[in-house]
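Structure record follows, encoded as C-alpha coordinates.
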Amino acid sequence: MLGLVELADSDGLFDTYGAESFATMRDEFFRRMQRWARANDRWRLLERNRFCVVLRGVDGRAQLELAAAKLARLFEEPLSVFGRPVQLEVKAGFAALARPELEDELAMHQAGLALRSARRSPRLFELYSPDVEADHKDRRALLKSLERAVELGELQLYFQPKVHAGYLNVVGAEALMRWHSPERGVVQPDMFIPLAERNGVIRPMTWWAVKSAIARLARWPAALSIAVNIPPNLLLDDEIITVIRDSLAIHEVDPERLTLEVTESVMVDNQDRMLKQLARLRGMGLRVAIDDFGTGFSSLAYFRDLPADEIKIDKSFVLRMLESGRDHAIVKAVIDLAHNFSLKVVAEGVEDERTAKRLSDMRCDVLQGYAFDKPLRLEEFEKRYL
Ligand code: C2E
Ligand code: CA
Ligand code: CA
(Lines give C-alpha, C1' and ligand atoms only; values in the text may rest on other atoms or scores of the structure.)
(Ligands and ions follow the chains in the order given, each with its own letter.)
Protein backbone atom coordinates (compact mmCIF):
# COMPACT_ATOMS: atom_id res chain seq x y z
CA MET A 1 0.00 0.00 0.00
CA LEU A 2 1.29 3.47 -0.89
CA GLY A 3 0.35 6.46 1.23
CA LEU A 4 0.80 10.20 1.23
CA VAL A 5 0.59 11.67 4.71
CA GLU A 6 0.59 15.38 5.27
CA LEU A 7 0.56 17.77 8.16
CA ALA A 8 -2.66 19.65 7.50
CA ASP A 9 -2.96 23.39 7.78
CA SER A 10 -6.72 23.67 7.94
CA ASP A 11 -6.81 26.54 10.42
CA GLY A 12 -3.94 28.46 8.90
CA LEU A 13 -1.71 27.39 11.79
CA PHE A 14 1.51 27.80 9.82
CA ASP A 15 0.87 31.48 9.18
CA THR A 16 -0.52 32.22 12.57
CA TYR A 17 2.52 31.11 14.48
CA GLY A 18 5.32 32.10 12.11
CA ALA A 19 8.34 30.28 10.66
CA GLU A 20 10.04 29.33 13.89
CA SER A 21 7.04 27.57 15.32
CA PHE A 22 6.32 25.96 11.95
CA ALA A 23 9.71 24.29 12.34
CA THR A 24 8.68 23.06 15.79
CA MET A 25 5.44 21.64 14.41
CA ARG A 26 7.24 19.97 11.52
CA ASP A 27 9.83 18.39 13.83
CA GLU A 28 7.07 17.01 15.99
CA PHE A 29 5.33 15.73 12.86
CA PHE A 30 8.54 13.87 11.91
CA ARG A 31 8.85 12.39 15.38
CA ARG A 32 5.30 11.11 15.44
CA MET A 33 5.59 9.73 11.91
CA GLN A 34 8.70 7.83 13.03
CA ARG A 35 6.73 6.30 15.85
CA TRP A 36 4.00 5.32 13.42
CA ALA A 37 6.13 3.58 10.80
CA ARG A 38 7.11 -0.02 11.39
CA ALA A 39 10.54 -1.45 10.77
CA ASN A 40 9.77 -2.76 7.31
CA ASP A 41 7.91 0.28 6.06
CA ARG A 42 9.73 2.66 3.75
CA TRP A 43 9.14 6.33 3.99
CA ARG A 44 10.63 9.54 2.66
CA LEU A 45 9.96 13.24 2.85
CA LEU A 46 8.37 14.72 -0.28
CA GLU A 47 7.77 18.30 0.73
CA ARG A 48 8.22 20.20 3.94
CA ASN A 49 4.96 18.88 5.32
CA ARG A 50 4.34 15.69 3.35
CA PHE A 51 5.61 12.11 3.50
CA CYS A 52 5.36 9.23 1.09
CA VAL A 53 5.12 5.84 2.81
CA VAL A 54 5.05 2.31 1.54
CA LEU A 55 3.34 0.13 4.10
CA ARG A 56 4.37 -3.49 4.10
CA GLY A 57 1.79 -6.18 4.57
CA VAL A 58 -1.13 -3.77 4.42
CA ASP A 59 -3.31 -4.54 1.46
CA GLY A 60 -6.94 -4.10 2.32
CA ARG A 61 -9.18 -1.50 3.88
CA ALA A 62 -9.43 -3.39 7.20
CA GLN A 63 -5.68 -3.39 7.78
CA LEU A 64 -5.50 0.20 6.67
CA GLU A 65 -8.15 1.19 9.21
CA LEU A 66 -5.93 -0.26 11.96
CA ALA A 67 -2.84 1.57 10.75
CA ALA A 68 -4.82 4.82 10.46
CA ALA A 69 -6.27 4.41 13.95
CA LYS A 70 -2.75 4.22 15.30
CA LEU A 71 -1.81 7.34 13.33
CA ALA A 72 -4.82 9.19 14.74
CA ARG A 73 -3.85 8.21 18.30
CA LEU A 74 -0.31 9.49 17.82
CA PHE A 75 -1.65 12.90 16.88
CA GLU A 76 -4.23 13.17 19.64
CA GLU A 77 -1.93 14.86 22.08
CA PRO A 78 -1.61 18.61 21.49
CA LEU A 79 1.76 20.24 21.02
CA SER A 80 2.73 23.28 23.02
CA VAL A 81 3.71 26.29 20.89
CA PHE A 82 4.64 29.43 22.82
CA GLY A 83 2.85 27.90 25.77
CA ARG A 84 -0.39 27.47 23.84
CA PRO A 85 -1.78 24.04 23.02
CA VAL A 86 -1.83 23.44 19.27
CA GLN A 87 -3.61 20.45 17.76
CA LEU A 88 -1.61 18.96 14.92
CA GLU A 89 -3.81 17.45 12.27
CA VAL A 90 -2.78 14.93 9.63
CA LYS A 91 -4.50 13.90 6.42
CA ALA A 92 -3.63 10.88 4.33
CA GLY A 93 -4.44 9.34 0.98
CA PHE A 94 -3.71 5.72 0.14
CA ALA A 95 -3.65 3.61 -3.00
CA ALA A 96 -2.91 -0.02 -3.70
CA LEU A 97 0.36 -0.81 -5.44
CA ALA A 98 0.42 -2.90 -8.60
CA ARG A 99 3.38 -4.85 -7.21
CA PRO A 100 3.86 -4.81 -3.44
CA GLU A 101 6.60 -2.50 -2.25
CA LEU A 102 7.32 -1.08 -5.65
CA GLU A 103 6.27 2.53 -5.92
CA ASP A 104 4.60 3.29 -9.21
CA GLU A 105 3.39 6.45 -10.90
CA LEU A 106 -0.21 5.40 -11.03
CA ALA A 107 -0.42 4.62 -7.30
CA MET A 108 1.26 7.94 -6.57
CA HIS A 109 -1.33 9.77 -8.65
CA GLN A 110 -4.21 7.86 -7.08
CA ALA A 111 -2.94 8.43 -3.55
CA GLY A 112 -2.78 12.14 -4.42
CA LEU A 113 -6.44 12.13 -5.46
CA ALA A 114 -7.35 10.25 -2.28
CA LEU A 115 -5.44 12.81 -0.21
CA ARG A 116 -7.34 15.67 -1.86
CA SER A 117 -10.57 13.98 -1.01
CA ALA A 118 -9.44 13.38 2.61
CA ARG A 119 -8.64 17.08 2.97
CA ARG A 120 -12.26 17.90 2.27
CA SER A 121 -13.65 15.22 4.54
CA PRO A 122 -13.76 14.98 8.33
CA ARG A 123 -11.98 11.61 8.07
CA LEU A 124 -8.26 11.29 8.57
CA PHE A 125 -7.67 9.27 5.41
CA GLU A 126 -9.17 8.10 2.14
CA LEU A 127 -8.32 5.02 0.17
CA TYR A 128 -8.32 5.51 -3.58
CA SER A 129 -11.28 4.04 -5.43
CA PRO A 130 -12.89 4.93 -8.75
CA ASP A 131 -15.43 6.93 -6.70
CA VAL A 132 -12.70 9.22 -5.47
CA GLU A 133 -11.71 9.83 -9.06
CA ALA A 134 -15.31 10.43 -10.16
CA ASP A 135 -15.76 12.84 -7.27
CA HIS A 136 -12.68 14.72 -8.41
CA LYS A 137 -14.00 14.89 -12.00
CA ASP A 138 -17.42 16.05 -10.76
CA ARG A 139 -15.83 18.92 -8.94
CA ARG A 140 -13.77 19.89 -11.95
CA ALA A 141 -16.93 19.91 -14.03
CA LEU A 142 -18.81 21.89 -11.39
CA LEU A 143 -16.01 24.43 -11.25
CA LYS A 144 -15.98 24.79 -15.04
CA SER A 145 -19.70 25.43 -15.22
CA LEU A 146 -19.49 27.82 -12.28
CA GLU A 147 -16.86 29.86 -14.11
CA ARG A 148 -19.18 29.99 -17.11
CA ALA A 149 -22.12 30.87 -14.87
CA VAL A 150 -20.35 34.01 -13.70
CA GLU A 151 -19.85 35.12 -17.32
CA LEU A 152 -23.36 34.20 -18.42
CA GLY A 153 -24.97 35.99 -15.50
CA GLU A 154 -26.54 32.90 -13.95
CA LEU A 155 -25.86 34.09 -10.42
CA GLN A 156 -28.56 35.91 -8.50
CA LEU A 157 -28.76 37.64 -5.18
CA TYR A 158 -31.63 36.66 -2.91
CA PHE A 159 -32.59 38.94 -0.06
CA GLN A 160 -33.54 37.97 3.47
CA PRO A 161 -35.10 40.68 5.64
CA LYS A 162 -33.40 41.89 8.83
CA VAL A 163 -35.97 43.09 11.31
CA HIS A 164 -35.77 45.55 14.23
CA ALA A 165 -36.22 43.40 17.36
CA GLY A 166 -38.46 45.91 19.13
CA TYR A 167 -40.68 47.35 16.40
CA LEU A 168 -40.39 44.43 13.96
CA ASN A 169 -40.02 46.74 10.97
CA VAL A 170 -37.60 45.76 8.21
CA VAL A 171 -34.30 47.63 8.50
CA GLY A 172 -32.47 45.96 5.64
CA ALA A 173 -31.54 42.64 4.07
CA GLU A 174 -28.72 40.17 3.80
CA ALA A 175 -27.81 39.40 0.19
CA LEU A 176 -27.38 35.65 -0.30
CA MET A 177 -26.15 34.13 -3.52
CA ARG A 178 -28.00 31.54 -5.59
CA TRP A 179 -26.96 29.97 -8.87
CA HIS A 180 -29.70 29.40 -11.42
CA SER A 181 -28.10 26.71 -13.52
CA PRO A 182 -29.93 25.50 -16.65
CA GLU A 183 -28.68 21.94 -15.97
CA ARG A 184 -28.72 21.81 -12.18
CA GLY A 185 -31.62 24.05 -11.24
CA VAL A 186 -31.28 26.46 -8.30
CA VAL A 187 -28.00 25.63 -6.57
CA GLN A 188 -27.59 26.60 -2.89
CA PRO A 189 -24.41 28.48 -1.87
CA ASP A 190 -23.13 25.66 0.36
CA MET A 191 -22.73 23.67 -2.85
CA PHE A 192 -20.59 26.18 -4.70
CA ILE A 193 -19.16 28.90 -2.42
CA PRO A 194 -16.56 26.66 -0.70
CA LEU A 195 -15.46 25.38 -4.11
CA ALA A 196 -15.30 28.92 -5.49
CA GLU A 197 -13.25 30.03 -2.49
CA ARG A 198 -10.63 27.37 -3.14
CA ASN A 199 -10.30 28.31 -6.78
CA GLY A 200 -10.24 32.04 -7.12
CA VAL A 201 -13.59 32.34 -8.96
CA ILE A 202 -14.83 33.77 -5.71
CA ARG A 203 -13.15 37.06 -6.63
CA PRO A 204 -15.29 38.05 -9.65
CA MET A 205 -18.31 36.58 -7.85
CA THR A 206 -17.78 38.78 -4.80
CA TRP A 207 -17.13 41.94 -6.80
CA TRP A 208 -20.31 41.22 -8.72
CA ALA A 209 -22.28 40.75 -5.47
CA VAL A 210 -20.96 43.99 -4.01
CA LYS A 211 -21.76 45.96 -7.16
CA SER A 212 -25.26 44.48 -7.48
CA ALA A 213 -26.03 45.21 -3.84
CA ILE A 214 -24.96 48.84 -4.23
CA ALA A 215 -26.98 49.24 -7.45
CA ARG A 216 -29.98 47.87 -5.55
CA LEU A 217 -29.47 50.26 -2.63
CA ALA A 218 -29.70 53.17 -5.06
CA ARG A 219 -33.29 52.12 -5.83
CA TRP A 220 -34.38 51.34 -2.27
CA PRO A 221 -35.53 53.80 0.42
CA ALA A 222 -32.62 55.40 2.27
CA ALA A 223 -33.64 53.72 5.55
CA LEU A 224 -32.77 50.26 4.21
CA SER A 225 -29.30 48.73 4.25
CA ILE A 226 -27.84 45.63 2.58
CA ALA A 227 -25.29 43.21 4.00
CA VAL A 228 -22.91 41.33 1.68
CA ASN A 229 -20.73 38.36 2.66
CA ILE A 230 -17.00 38.86 2.08
CA PRO A 231 -14.58 35.92 2.27
CA PRO A 232 -11.51 36.59 4.46
CA ASN A 233 -8.87 36.58 1.75
CA LEU A 234 -10.78 39.11 -0.35
CA LEU A 235 -11.07 41.46 2.56
CA LEU A 236 -7.30 41.85 2.36
CA ASP A 237 -7.42 42.32 -1.42
CA ASP A 238 -6.87 45.99 -2.14
CA GLU A 239 -9.20 45.87 -5.10
CA ILE A 240 -12.12 45.66 -2.69
CA ILE A 241 -11.54 49.29 -1.79
CA THR A 242 -11.74 50.45 -5.43
CA VAL A 243 -14.69 48.23 -6.28
CA ILE A 244 -16.72 49.57 -3.38
CA ARG A 245 -15.64 53.17 -3.67
CA ASP A 246 -16.36 53.35 -7.42
CA SER A 247 -19.80 51.70 -7.16
CA LEU A 248 -20.86 53.90 -4.27
CA ALA A 249 -19.82 56.97 -6.29
CA ILE A 250 -21.52 55.88 -9.51
CA HIS A 251 -24.79 55.16 -7.74
CA GLU A 252 -24.49 57.96 -5.20
CA VAL A 253 -25.19 55.63 -2.31
CA ASP A 254 -24.40 56.52 1.31
CA PRO A 255 -21.64 54.09 2.47
CA GLU A 256 -23.38 53.56 5.81
CA ARG A 257 -26.04 51.55 4.01
CA LEU A 258 -23.59 48.83 3.00
CA THR A 259 -22.56 46.25 5.61
CA LEU A 260 -19.70 43.85 5.01
CA GLU A 261 -20.16 40.52 6.78
CA VAL A 262 -16.89 38.80 7.64
CA THR A 263 -16.63 35.60 9.62
CA GLU A 264 -15.16 35.55 13.06
CA SER A 265 -12.40 33.20 11.89
CA VAL A 266 -10.79 36.01 9.89
CA MET A 267 -9.65 37.53 13.13
CA VAL A 268 -7.51 34.55 14.06
CA ASP A 269 -5.04 34.73 11.17
CA ASN A 270 -3.20 37.81 10.05
CA GLN A 271 -4.67 39.72 12.90
CA ASP A 272 -2.83 42.98 12.46
CA ARG A 273 -3.43 43.32 8.75
CA MET A 274 -7.05 42.35 9.20
CA LEU A 275 -7.69 44.89 11.94
CA LYS A 276 -6.07 47.63 9.85
CA GLN A 277 -8.11 46.75 6.79
CA LEU A 278 -11.37 46.67 8.76
CA ALA A 279 -10.51 50.04 10.25
CA ARG A 280 -9.81 51.40 6.77
CA LEU A 281 -13.15 50.18 5.42
CA ARG A 282 -14.95 51.66 8.39
CA GLY A 283 -13.05 54.86 7.77
CA MET A 284 -14.77 54.98 4.37
CA GLY A 285 -18.09 54.97 6.23
CA LEU A 286 -18.98 51.32 5.63
CA ARG A 287 -20.41 49.06 8.33
CA VAL A 288 -18.64 45.87 9.38
CA ALA A 289 -20.42 42.87 10.89
CA ILE A 290 -18.71 39.84 12.45
CA ASP A 291 -20.59 36.82 11.12
CA ASP A 292 -21.01 33.37 12.70
CA PHE A 293 -20.00 34.82 16.03
CA GLY A 294 -19.31 32.24 18.74
CA THR A 295 -17.84 29.58 16.47
CA GLY A 296 -14.25 30.90 16.51
CA PHE A 297 -11.73 31.58 19.22
CA SER A 298 -12.30 35.15 20.24
CA SER A 299 -10.83 36.40 23.45
CA LEU A 300 -11.97 39.35 25.47
CA ALA A 301 -8.99 41.36 24.27
CA TYR A 302 -10.31 40.89 20.77
CA PHE A 303 -13.48 42.76 21.64
CA ARG A 304 -11.57 45.73 22.92
CA ASP A 305 -9.78 46.35 19.60
CA LEU A 306 -12.44 45.16 17.20
CA PRO A 307 -13.13 47.65 14.40
CA ALA A 308 -16.72 46.50 13.83
CA ASP A 309 -20.25 47.80 14.19
CA GLU A 310 -22.21 44.62 14.53
CA ILE A 311 -21.98 41.07 15.85
CA LYS A 312 -24.08 38.31 14.29
CA ILE A 313 -24.66 35.51 16.77
CA ASP A 314 -24.29 32.23 14.92
CA LYS A 315 -27.53 30.44 14.19
CA SER A 316 -26.32 27.25 15.85
CA PHE A 317 -26.83 28.97 19.24
CA VAL A 318 -30.06 30.74 18.32
CA LEU A 319 -31.80 27.68 16.87
CA ARG A 320 -31.81 25.78 20.17
CA MET A 321 -31.68 28.59 22.70
CA LEU A 322 -35.14 27.87 24.11
CA GLU A 323 -34.35 24.21 24.73
CA SER A 324 -30.70 24.42 25.68
CA GLY A 325 -29.77 26.36 28.80
CA ARG A 326 -26.19 26.53 27.63
CA ASP A 327 -27.05 28.03 24.25
CA HIS A 328 -29.36 30.48 25.98
CA ALA A 329 -26.55 31.52 28.31
CA ILE A 330 -24.15 32.01 25.40
CA VAL A 331 -26.65 34.17 23.50
CA LYS A 332 -27.26 36.29 26.57
CA ALA A 333 -23.55 36.67 27.33
CA VAL A 334 -22.77 37.71 23.75
CA ILE A 335 -25.55 40.31 23.73
CA ASP A 336 -24.42 41.85 27.02
CA LEU A 337 -20.76 41.80 26.11
CA ALA A 338 -21.35 43.33 22.67
CA HIS A 339 -23.49 46.09 24.14
CA ASN A 340 -20.77 46.94 26.64
CA PHE A 341 -18.51 47.58 23.67
CA SER A 342 -21.21 49.58 21.80
CA LEU A 343 -21.69 46.90 19.17
CA LYS A 344 -25.08 46.14 17.70
CA VAL A 345 -26.26 42.53 17.92
CA VAL A 346 -28.03 40.60 15.19
CA ALA A 347 -29.43 37.12 15.81
CA GLU A 348 -29.64 34.87 12.75
CA GLY A 349 -31.63 31.65 12.50
CA VAL A 350 -34.69 33.00 14.33
CA GLU A 351 -37.23 30.40 13.30
CA ASP A 352 -40.24 31.09 15.51
CA GLU A 353 -42.04 33.86 17.37
CA ARG A 354 -41.15 32.63 20.85
CA THR A 355 -37.45 32.87 20.06
CA ALA A 356 -37.99 36.31 18.53
CA LYS A 357 -39.82 37.49 21.64
CA ARG A 358 -37.14 36.14 23.97
CA LEU A 359 -34.35 37.77 21.95
CA SER A 360 -36.21 41.04 22.02
CA ASP A 361 -36.56 40.77 25.82
CA MET A 362 -32.82 40.14 25.99
CA ARG A 363 -32.29 43.44 24.14
CA CYS A 364 -30.98 41.91 20.95
CA ASP A 365 -31.13 44.65 18.28
CA VAL A 366 -31.94 42.96 15.00
CA LEU A 367 -33.48 39.61 14.06
CA GLN A 368 -33.14 37.51 10.92
CA GLY A 369 -34.67 34.13 10.18
CA TYR A 370 -37.50 32.03 8.85
CA ALA A 371 -39.84 33.45 11.52
CA PHE A 372 -39.94 36.53 9.28
CA ASP A 373 -38.97 35.28 5.84
CA LYS A 374 -36.65 33.00 3.91
CA PRO A 375 -34.16 34.56 1.50
CA LEU A 376 -36.40 35.84 -1.32
CA ARG A 377 -35.94 36.52 -5.01
CA LEU A 378 -35.45 40.21 -5.67
CA GLU A 379 -38.93 40.79 -7.14
CA GLU A 380 -40.55 38.99 -4.23
CA PHE A 381 -38.56 40.94 -1.65
CA GLU A 382 -39.46 44.25 -3.30
CA LYS A 383 -43.12 43.30 -3.54
CA ARG A 384 -43.31 42.46 0.14
CA TYR A 385 -41.13 45.09 1.73
CA LEU A 386 -40.88 48.20 -0.44
P1 C2E B 1 -24.41 32.82 6.34
O2 C2E B 1 -23.67 34.05 5.90
O3 C2E B 1 -24.29 32.44 7.76
O4 C2E B 1 -25.93 33.06 5.92
C5 C2E B 1 -27.02 32.71 6.70
C6 C2E B 1 -27.61 31.40 6.25
O7 C2E B 1 -28.63 31.03 7.16
C8 C2E B 1 -28.28 31.49 4.89
O9 C2E B 1 -28.06 30.26 4.20
C10 C2E B 1 -29.75 31.62 5.26
O11 C2E B 1 -30.63 31.18 4.25
C12 C2E B 1 -29.81 30.72 6.46
N13 C2E B 1 -30.95 31.03 7.34
C14 C2E B 1 -31.59 32.21 7.47
N15 C2E B 1 -32.56 32.14 8.37
C16 C2E B 1 -32.56 30.88 8.84
C17 C2E B 1 -33.36 30.19 9.82
O18 C2E B 1 -34.29 30.73 10.44
N19 C2E B 1 -33.07 28.89 10.05
C20 C2E B 1 -32.04 28.26 9.40
N21 C2E B 1 -31.83 26.98 9.68
N22 C2E B 1 -31.27 28.88 8.48
C23 C2E B 1 -31.53 30.17 8.20
P24 C2E B 1 -27.68 30.22 2.67
O25 C2E B 1 -28.36 31.30 1.91
O26 C2E B 1 -27.85 28.81 2.24
O27 C2E B 1 -26.14 30.57 2.70
C28 C2E B 1 -25.23 29.70 3.31
C29 C2E B 1 -23.88 30.30 3.42
O30 C2E B 1 -23.28 30.49 2.13
C31 C2E B 1 -23.88 31.69 4.05
O32 C2E B 1 -23.95 31.56 5.45
C33 C2E B 1 -22.56 32.24 3.57
O34 C2E B 1 -21.50 31.74 4.34
C35 C2E B 1 -22.46 31.64 2.18
N36 C2E B 1 -22.92 32.65 1.21
C37 C2E B 1 -24.15 32.90 0.75
N38 C2E B 1 -24.15 33.92 -0.14
C39 C2E B 1 -22.86 34.32 -0.23
C40 C2E B 1 -22.18 35.32 -0.99
O41 C2E B 1 -22.76 36.10 -1.76
N42 C2E B 1 -20.82 35.43 -0.83
C43 C2E B 1 -20.14 34.60 0.02
N44 C2E B 1 -18.82 34.76 0.12
N45 C2E B 1 -20.74 33.66 0.75
C46 C2E B 1 -22.09 33.53 0.63
CA1 CA C 1 -23.71 36.09 6.51
CA1 CA D 1 -23.96 33.47 9.66
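First listed ligand is number 1; within each ligand, the first listed atom is number 1. Computation of the quantities below employed the complete heavy-atom set of this structure, encompassing side-chain atoms and omitting hydrogens, waters and symmetry-equivalent molecules.
Here atom 19 (N) of ligand 1 lies nearest to Glu351 when heavy atoms of Glu351, Glu174, Lys312 are compared. Taking only non-hydrogen atoms, the option from Val210, Asp190, Asp291 nearest to atom 1 (P) of ligand 1 is Asp291. The nearest non-hydrogen atom to atom 25 (O) of ligand 1, considering only Glu197, Arg178, Gln188, comes from Arg178.
Among the backbone and side-chain atoms of Thr263, none of the N, O or S atoms lies under 3.0 Å from the Ca ion (ligand 2).
Residue contacts with ligand 1 for Val350 involve N, CA, C or O but no side-chain atom from C-beta outward (heavy atoms, distance under 4.0 Å). Looking at Ile193 against ligand 1, only its side chain comes within 4.0 Å, counting heavy atoms.
Geometrically, Arg377 does not engage Phe381 in a cation-pi contact defined by less than 6.0 Å to the ring centre and at most 45° from the axis.
Side chain to side chain, Gln34 and Trp43 fail the donor-acceptor criterion of an N or O pair below 3.5 Å. A donor-acceptor pair shorter than 3.5 Å cannot be found between the side chains of Glu380 and Tyr158.
Expressed to the nearest 10°, the angle at the Ca ion (ligand 3) joining OD1 in Asp291 with OD1 in Asp292 is 90°. Seen from the Ca ion (ligand 2), atom OD1 of Asn229 and atom OE1 of Glu261 lie 90° apart in angle, a value rounded to 10°.
Atom 32 (O) of ligand 1 lies below 4.0 Å from none of the non-hydrogen atoms of the protein.
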